[in-house]
Student: 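I am attaching a structure below and will ask some questions about it afterwards.
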2 protein chains.
Amino acid sequence: MSTIGKALSLLDVISQLGKDIGLTDVARLAALDKATARRFLVELEKHGFVEQDEETRKYRLGAAPVRLARIRQERFPFVSVAAPFVKALADEVGETVHLSEFTGGRLSTIHVEDSSQAHRVIVDLGTPLPFHATASGLAYLAFLPADEIERALKRPMERFSAETVTEPEAVRLLLKETAKRGFSINQQGFEMGVISAAAPILAPSGKPVGALAVAAPTARTNKTRMLDIGQKTMAAAASIAQKYYGAKA
Amino acid sequence: MSTIGKALSLLDVISQLGKDIGLTDVARLAALDKATARRFLVELEKHGFVEQDEETRKYRLGAAPVRLARIRQERFPFVSVAAPFVKALADEVGETVHLSEFTGGRLSTIHVEDSSQAHRVIVDLGTPLPFHATASGLAYLAFLPADEIERALKRPMERFSAETVTEPEAVRLLLKETAKRGFSINQQGFEMGVISAAAPILAPSGKPVGALAVAAPTARTNKTRMLDIGQKTMAAAASIAQKYYGAKA
DNA sequence: TCTTGCGGTTCATTATTTGAACCTTTATTT
DNA sequence: AAATAAAGGTTCAAATAATGAACCGCAAGA
């Protein structure tokens, strides 16, 4: 891998941590030599992507991405366009709703609207959503061209819970259902006790760019309710796409 | 410079452009060989920091920074804490207000609240604010330790307009005034026809982390009004710091 | 049809990255 | 308070990755 790739992966490691981390630990997590990790961190810090706590000497994500994100959202206001729909859906179904976007080969959560209920599903910002084990991932995959689906299915599938579907053939079946129905349902495949429904956000070309998902505690749902939630999610996803792409023409 | 530094500088070039750019052009702007630029772009794209338009083959800023920015702001909600104060100040003085943060060796605008008036100053997101030629820069510099001020004054000072102050001694004087008064005033030093007042956002340690600035057309202001605006800016900056740092203790 | 300019690629040369070992500082244990 | 451990940070010869002049193929324009 190129130096740049390694440095950006290091940045990913730091970003997915949620708290400050020391040099030795981050080097180990990113599978880099300590000296190498240090050099990378210094470079990243120079550009503001990482910052070091003056007191603890630990490293954390810097402020540079905030500036870049502002610029990006000025031209592609995906989150700000979607936010009201996410909120409306969360209010309507009373569960946690999250929006993800495909970037850098991964599907990542970029916005969350928490359920108002006390017992709710917590979704972390930043953690990548595995394609085979989340409703969002399935919704995204299902609307990809067949060859890209096959390529994705060839990659090893990690097990996240007792219920994770890791057989390519089984995933293929889920994808077929999803494509037919318009939204996906994932039952505790990522985390036990959580059931989700998700629909893709589709560009005018038909290519998926992200997914909208509702995550609910299993205790509060049954098949019928999930199908209803799925329908609503699908409608909201379509509205987001229409608003986002419609306004640009 | 390290490969990483060069790649991040390339990203900077792309971010400050505001529109898509071709390979040859971006290579020239970033002072890189075309082959090198391409390799960097491919790496950056793999991680989502850059994306290539499928149709035009041109490159633009990707969506990865949006994800990172969300994570950063979860822990350090600088913009969201400051936004209401920025808005309030903009409403109060009726001019464009912008908030900047020091990152990666530069002061960059991360939030803007436009004036409601038809004739208003336009502030671009992302363009770095030169320390010697903007009110924000002066406000930031003025509250730095003496040795850091001197280091900053040793760097060459670019001229941006006929009124830009480029003499170290003259800048030193402006900084003294700023430190004494608590806010800076910059008269057309960056752009003709624009006068600004800015106050630093100070961390509890007394170290500046950014600046809050009001930019107004010269046609609409006089010395008295700017002093009044400066006072209000200073008060708003102090409120932001208090809210931001106060809530974390 | 010919030319120009662009995106993209190649491969021998060159310069940078790498990491084991080392030093330094800080925190913990004895 | 001395000893120990553990972390941050640095060095320099060896290893590896980055570099760029020249190249290809394609599309737009003359």
Side-chain angles (χ1 to χ4, degrees), chain A residues 1-62 75 104-105 147-148 151 205 207, chain B residues 1-62 75 104-105 147-148 151 205 207:
Chain A
M1 195 196 281
S2 74
T3 306
I4 297 169
K6 279 180 263 183
L8 296 179
S9 297
L10 171 63
L11 189 60
D12 256 346
V13 167
I14 291 172
S15 76
Q16 281 169 34
L17 228 57
K19 59 176 196 291
D20 298 5
I21 186 171
L23 173 62
T24 306
D25 288 343
V26 83
R28 200 191 56 247
L29 282 177
L32 294 171
D33 183 88
K34 197 155 55 101
T36 303
R38 174 108 232 286
R39 275 186 300 266
F40 286 4
L41 289 167
V42 168
E43 276 319 303
L44 290 168
E45 185 173 28
K46 271 187 197 158
H47 290 261
F49 285 83
V50 151
E51 68 183 26
Q52 185 175 28
D53 192 291
E54 291 192 0
E55 206 181 311
T56 65
R57 310 240 107 197
K58 291 187 175 216
Y59 298 89
R60 70 172 82 97
L61 192 58
R75 289 190 58 197
D147 57 325
E148 290 192 47
R151 205 172 339 135
S205 66
K207 196 180 155 186
Chain B
M1 196 196 279
S2 74
T3 306
I4 296 168
K6 279 180 263 183
L8 296 179
S9 297
L10 172 64
L11 189 61
D12 255 346
V13 167
I14 292 172
S15 76
Q16 281 169 35
L17 227 57
K19 60 176 194 290
D20 297 6
I21 185 169
L23 173 61
T24 306
D25 287 344
V26 82
R28 200 191 57 248
L29 281 177
L32 293 171
D33 185 87
K34 196 156 57 102
T36 302
R38 173 110 233 285
R39 277 187 298 265
F40 286 4
L41 288 167
V42 168
E43 278 315 307
L44 288 169
E45 184 173 29
K46 271 188 198 159
H47 291 260
F49 285 84
V50 151
E51 70 184 21
Q52 185 174 29
D53 192 291
E54 290 191 1
E55 206 181 311
T56 66
R57 310 242 104 197
K58 291 186 175 217
Y59 298 89
R60 71 171 81 97
L61 192 58
R75 290 190 58 197
D147 58 324
E148 289 193 48
R151 208 177 331 140
S205 65
K207 196 180 157 186

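First the proteins, then the strands, lettered A, B, ... as listed; each starts at 1.
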Student: Rounding to an integer number of Å, can you tell me how far B:Met1 CE sits from C:dA15 C1'?
Tutor: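 In whole Å, C:dA15 C1' and B:Met1 CE are 16 Å from each other.
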Student: Closest to the A:Tyr59 side chain: D:dT19, D:dG9, C:dG8?
Tutor: D:dG9
Student: Starting at the 5' end of DNA chain D, which residue's closest nucleotide do you reach first, A:Ile4 or A:Thr56?
Tutor: A:Thr56
Student: Heavy atoms, side chains only, cut-off 4.5 Å: are A:Leu32 and A:Val26 in contact?
Tutor: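 With C-beta onward as the side chain, the pair stays apart.
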Student: Using atom NZ of A:Lys6 as one end and atom P of D:dA17 as the other, report the distance to the nearest whole Å.
Tutor: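 Distance check: A:Lys6 NZ to D:dA17 P gives 6 Å.
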Student: Got a second to check how far B:Asp20's CG is from B:Glu51's CD, nearest 0.5 Å?
Tutor: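 Here the rounded value is 8.0 Å.
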Student: Can you measure A:Lys58 atom NZ to C:dT26 atom P for me and round it to whole angstrom units?
Tutor: 16 Å
Student: Report the residue from A:His47, A:Glu43, A:Lys46 that forms a side chain to side chain contact (heavy atoms under 4.5 Å, CB included) with B:Leu8.
Tutor: A:His47
Student: Counting heavy atoms from C-beta on, name the nucleotide in D:dA21, C:dG7, C:dT17 closest to the side chain of B:Ala35.
Tutor: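 For the B:Ala35 side chain, the nearest candidate turns out to be D:dA21.
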Student: Rounded to whole angstroms, how far apart are CG on A:Leu32 and C1' on D:dG8?
Tutor: 16 Å
Student: Closer than 4.0 Å, any side-chain N/O of B:Thr24 to the OP1 or OP2 of C:dG7?
Tutor: yes
Student: Which whole-number value in Å describes the distance from A:Phe40 CZ to D:dG8 P?
Tutor: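 From A:Phe40 CZ to D:dG8 P: 17 Å.
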Student: Can you figure out which of C:dT17, C:dG7, D:dG9 approaches the side chain of A:Gln52 most closely?
Tutor: D:dG9
Student: Nearest whole angstrom, please: distance from the P of C:dT10 to the CZ of B:Arg38.
Tutor: 11 Å
Student: Tell me which of B:Val42 and A:Asp33 sits closer to the 5' end of DNA chain C, going by the nucleotide each one is nearest to.
Tutor: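 Checking each residue's closest nucleotide, the 5'-ward one belongs to B:Val42.
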Student: Measuring from atom CD1 of A:Ile14 to atom CG of A:Leu44, what distance do you get when rounded to the nearest 0.5 angstrom?
Tutor: 6.5 Å
Student: Give the rounded distance in Å between these two atoms: CD of B:Glu54 and P of C:dG7.
Tutor: 17 Å
Student: Check the phosphate of C:dG19 against A:Thr36, side-chain N and O only, distance under 4.0 Å to OP1 or OP2. Yes or no?
Tutor: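 Yes, A:Thr36 has a side-chain N/O under 4.0 Å of OP1/OP2 on C:dG19.
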Student: Please evaluate the base of C:dG19 for a donor-acceptor partner in the side chain of A:Lys34 within a cut-off of under 3.5 Å?
Tutor: no
Student: To the nearest Å, give me how far apart CG (B:Leu41) and P (D:dA18) are.
Tutor: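 So the CG-P distance, B:Leu41 to D:dA18, works out to 15 Å.
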Student: Does a distance-only test, which skips hydrogens and angles, find a donor-acceptor pair under 3.5 Å between the side chain of A:Arg39 and the base of D:dG9?
Tutor: no
Student: For the CZ atom of A:Phe40 and the OH atom of A:Tyr59, what is their distance to the nearest 0.5 Å?
Tutor: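 With rounding to 0.5 Å, CZ (A:Phe40) is 13.5 Å from OH (A:Tyr59).
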Student: Between A:Ser2 and D:dA17, is there a side-chain N or O to OP1/OP2 distance below 4.0 Å?
Tutor: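 So the side chain of A:Ser2 is outside the cut-off, no N or O lying under 4.0 Å from OP1 or OP2 of D:dA17.
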